[in-house]
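One structure below.
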Amino acid sequence: PTLEKDIIPLYFAWFLAKHEEDNLRKTAHDFLEQLGNLKAFKKRLQAFGVEDKHKLDLLKYFAKAPNILHCTSKYCDYGKLPGSEEYAQQEGVKRSYSKGFTLHISSLFITPRTVGAQVELTEEQLFLWPADAEKEVMPKDTFPRGSRAHITLSTAADTQDVQTGIDLLELIKLQQTGKEGENVGEIFGGKLSYYDNGIWMLVLPRKKEVKTIFSGYYG
Ligand code: 2AM
């Protein structure tokens, strides 16, 4: 028997390898630049709270970017959150710790609060996905497992990272109710759609693969 207890991290996540991270940051930058320049975007700025369409610089508006790009699987707050000890002890979590995984990004989205990449988890990756991840933030709704999976790319100055997954679920909820989104053009060869309330989604023409390592962040 060991005397030491495992230390539970702030959160568990798939962390992007360095060159993948640089690459995705550049994609996010280009996405915001191209979107900001689109006439269709300038016509639909109301939700961003700006009157003058020439005054909105998206790259400045989304002022905060995470230090390390990652897809959170479980936020634990060093064990303070319910279920975090159980999660850390799961056989699959232990076995996967420090292992490499390829994540698949299917779309990019932006709202007046956040910019994120939607991640489609594989069966194997869903093993590491907590059963209550979606309920945790949207208790009244039902989603397919893994719906909240995302990489936060940047947020507005007064917005917490956790908001990105909530915004993604809001978007999926709109799609579930049959809301199509208005097709307003193409970026990177992918279809750009506008939903209400300043919510935009770009479905990538091909899923973008990113190499990651599953691990914990101890901060
Ligand atoms: P994110 O996954 O959307 O980026 C540290 O705060 C990390 O844990 C962030 O990456 C954050 O958001 C994520 N996270 C997930 N759930 C959280 C929660 N309930 N509270 C705070 N952060 C959370």
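Sequence positions, counted from 1, serve as the residue numbers for this chain. Both counts, for ligands and for their atoms, begin at 1 and track the order of listing.
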Atom indices of ligand 1 within 4.0 angstrom of His70 heavy atoms, with elements: 4 (O), 9 (C), 10 (O)
Parallel, tilted or perpendicular, as decided by the 30° and 60° cut-offs, for the rings of Tyr97 and Phe214: perpendicular
Ligand 1 contacted by His150 (non-hydrogen, < 4.0 Å): yes
Backbone N/O of Ile110 and side chain of Thr114: donor-acceptor pair under 3.5 Å: no
Side-chain donor-acceptor contact under 3.5 Å, Tyr87 with Ser73: yes
Atom indices of ligand 1, in the order listed, that fall short of 4.0 Å to a heavy atom of Arg148: 15 (C), 16 (N)
Heavy-atom side-chain proximity of Gln118 to His150 below 4.5 angstrom: no
Shortest protein contact, atom 13 (C) of ligand 1 (heavy atom only): Thr72 OG1, 3.6 Å
No-hydrogen, no-angle side-chain donor-acceptor test under 3.5 Å, Glu180 and Tyr195: no
Geometric N/O contact Tyr75 with ligand 1, under 3.5 angstrom: no
Identity and separation of the nearest protein heavy atom to atom 12 (O) of ligand 1: Asp161 CB, 3.2 Å
Mode of Lys74 contact toward ligand 1 - side chain, backbone, both, neither (heavy atoms, under 4.0 Å): neither
Within 6.0 angstrom of Ile7 CD1, more than 12 heavy atoms from elsewhere: no
Numbered atoms of ligand 1 (with element) below 4.0 Å of Thr152, judged on heavy atoms: 1 (P), 3 (O), 4 (O)
Contact check: Tyr11 vs ligand 1, nitrogen or oxygen atoms, below 3.5 angstrom: no
Whether Phe48 and Phe62 hold their rings parallel, tilted or perpendicular, with breakpoints at 30° and 60°: perpendicular
